[in-house]
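Here the structure is laid out as structure tokens; the discussion comes afterwards.
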There are 2 protein chains.
Amino acid sequence: MTKGGTKEALGRAGRSGIDLTAAPAPNPLGTSNPCAACSVRDLSLCGALSEAELSRLEKIVTRLTVEPHAPIIDESEPARYLFNLTGGVVKLYKLLPDGRRQITGFLYEGDFLGIAMNDTYAYSAEAVNQVSLCRFPRSDLEKLLDEFPHLEKRLLGMASNELVQAQDQMVLLGRKTAKEKVCSFLLLLSRRASERGADGSAIHLAMSRADIGDYLGLTTETVSRTFTTLKSNGVIQLREAGVVVLPDLEQLEELAEGT
Amino acid sequence: MTKGGTKEALGRAGRSGIDLTAAPAPNPLGTSNPCAACSVRDLSLCGALSEAELSRLEKIVTRLTVEPHAPIIDESEPARYLFNLTGGVVKLYKLLPDGRRQITGFLYEGDFLGIAMNDTYAYSAEAVNQVSLCRFPRSDLEKLLDEFPHLEKRLLGMASNELVQAQDQMVLLGRKTAKEKVCSFLLLLSRRASERGADGSAIHLAMSRADIGDYLGLTTETVSRTFTTLKSNGVIQLREAGVVVLPDLEQLEELAEGT
DNA sequence: CGGGATCTTGAGGATGCTCAACGCTAGTGG
DNA sequence: CCACTAGCGTTGAGCATCCTCAAGATCCCG
């Protein structure tokens, strides 16, 4: 065996870490239908629905919050629920029998969670920081899909996008060097920030070096070394609390593709 | 730069290589509706449709054959058509600017081709051997999707499956060793053969070592060396014409996951 | 202020890549 | 009919990138 990968037993993840009681509405206005006022509605599945339809959704949703490092779903567990992420960051991952881990994606607000295969989750999901979710029973949501074909269309569109992203990630994992991988990752976060109206030239890394490594197919040490090199070359600046400044996005794009 | 990858200019691919005229029906019986008699119908999108609905599909389909190594679709080209593969093997790939290539999948009969992003293909596709396709204009197929919600549902199911496969491939690319990668690949082909009713203990490699390498994130040489090692360890037998015998599938599964 | 986790840095080594040569097969044309 | 060529697969030698193992630095929270 070789090829890095976190091999710890995924350690302490604070009891269940899931809190149903104190879950606030994503955008707590005084409305009777929090979905209508949801700040991530347009980013997400629910953007396909009218206000009237939203009230149907409202009836089957449970809002909850999850503490950092707490599990959300577990691979091979029956897929009873689907989730919509309304705040925080979630990592999806798969494990090999000996503990090597591959993170297949980081989810942000508006992202959808719960793709299943034969009614069983295809991966595990864990909160990176404090996370807010909308949870739907799968059977109920499927009924809604039958009623609202445009909801199904939206879901198909989201799945297609994920597929395209997955293919980009395969190129990264199979053919890019460590430096190209790290630069691609920084660019991904930058673009994600821009899409959400933030400044793309400074990003926040919510996840650890180990998580980044398991996402890029590298070890923690290689990620750290690559950051150091990029910093001393002036490509990035490392600030406090996981903030990374990207002074030259065009240069970063070139470094991400090896040109 | 480093990290292998075919860098040839994708060379000669015999004119356009696409032949519209001589395209036979997949299963040439004397029926008026070839779709109804299609041998891959159950594997594929069309399995969701009744005979009456099939005749609608029949009206928008064009059958064609493609010669080995000929291009089928080109990344970043407008996505005017979608395809259903009825025979042969197709490879999907993406290129980096310097020519490094990642093959994101091999398609077999029954597989669907043409996922798009913003009306543009997300990858290129090329025939590995002689290929038969059903081609649908995208706009026409989308109209059918609106009419037949169960068709859309089927498509969503197929997309979900692809997503799950893509995640497995990320684990392979990011965390497996060369030997594990090759064994995983052989197992994949074995399972695919079994699903199609063939014997899973002997498979046929339609693609070159270079293609296998670009699929697994390895070089041709490493693929070749790994085959040689597996052969001398008795894990596989190499026969003529790309046939590989897999005497012990359980052993192969262990080798594929490093246990 | 202490202790655990995370991040960084270093030294050494292994896996898989690069470059190169050779064998094999099939197709071509003299 | 057979040399000739082109494409593909195999094998070898050397080496670079990235991993492993280890120790020290930094940060965070109690």
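Model, not experiment: these values are computed from the prediction. Side chains are part of it too, since the values below use all heavy atoms of this structure and drop only hydrogens, waters and symmetry mates.
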Check whether the side chain of B:R225 and the base of D:dG9 form a donor-acceptor pair under 3.5 Å.
no

Determine whether a donor-acceptor pair (N or O, by modelled atom type, separation under 3.5 Å) exists between the side chain of B:S132 and the backbone of B:T86.
no

Please report the distance, rounded to the nearest Å, between CG in B:L218 and P in C:dT18.
11 Å

Per the end-axis method with five pairs at each terminus, what is the bend angle of the helix from C:dC1-D:dG30 to C:dG30-D:dC1, to 10°?
30°

Output the single nucleotide from C:dT8, D:dG9, D:dC19 whose closest atom is nearest the side chain of A:T220.
C:dT8

Separation of atom CD1 in B:I212 from atom P in C:dG16, rounded to whole Å:
16 Å

Length of the line joining A:N129:CG and C:dT6:P, which is rounded to integer Å:
15 Å

Side-chain N or O of A:R209 closer than 4.0 Å to phosphate OP1/OP2 of C:dT8
yes

Could you state the atom-to-atom distance from NE2 of A:H69 to C1' of D:dC28 in whole Å?
13 Å

Spacing of A:D214 atom CG relative to C:dT6 atom C1', expressed in whole Å:
14 Å

Does the side chain of A:K91 come within less than 4.5 Å of A:M207's, by heavy atoms?
no

Sub-4.5 Å side-chain heavy-atom contact between B:V164 and A:Y123:
no

Any donor-acceptor pair under 3.5 Å between the side chain of A:E221 and the base of D:dC21?
yes

Does a side-chain N or O from B:T222 land closer than 4.0 Å to OP1 or OP2 of C:dC17, or not?
yes

How long is the span from the CD atom in A:Q130 to the CD atom in A:E67, to the nearest 0.5 Å?
4.5 Å

Trace of the side-chain contact (heavy atoms from CB on, under 4.5 Å) decision for B:V89 with B:Y108:
CA-CA 5 Å; B:V89 181; B:Y108 286 76; 3.5 Å; yes

Using whole Å, report how far CG of A:L216 lies from P of D:dC18.
12 Å

Protein-nucleotide distance (A:L238, atom CG; C:dC7, atom P), rounded to Å:
11 Å

According to a strict under-4.0 Å criterion, is B:T228 in side-chain N/O contact with OP1 or OP2 of D:dT11?
yes

Taking for each residue the nucleotide of DNA chain D bearing the nearest heavy atom, is the 5' side occupied by A:K179 or by A:A241?
A:K179

Between B:K176 and B:D168, is there a salt bridge with N-O shorter than 4.0 Å?
no

Rounded interatomic separation in angstrom, taking CZ from A:R175 and P from D:dT17:
16 Å

Indicate yes or no for a side-chain donor-acceptor contact from B:S124 to the backbone of B:E75 under 3.5 Å, with no hydrogens or angles considered.
yes

Just call it for A:S208: base, sugar-phosphate, or nothing, with non-hydrogen atoms closer than 4.0 Å on any strand.
sugar-phosphate

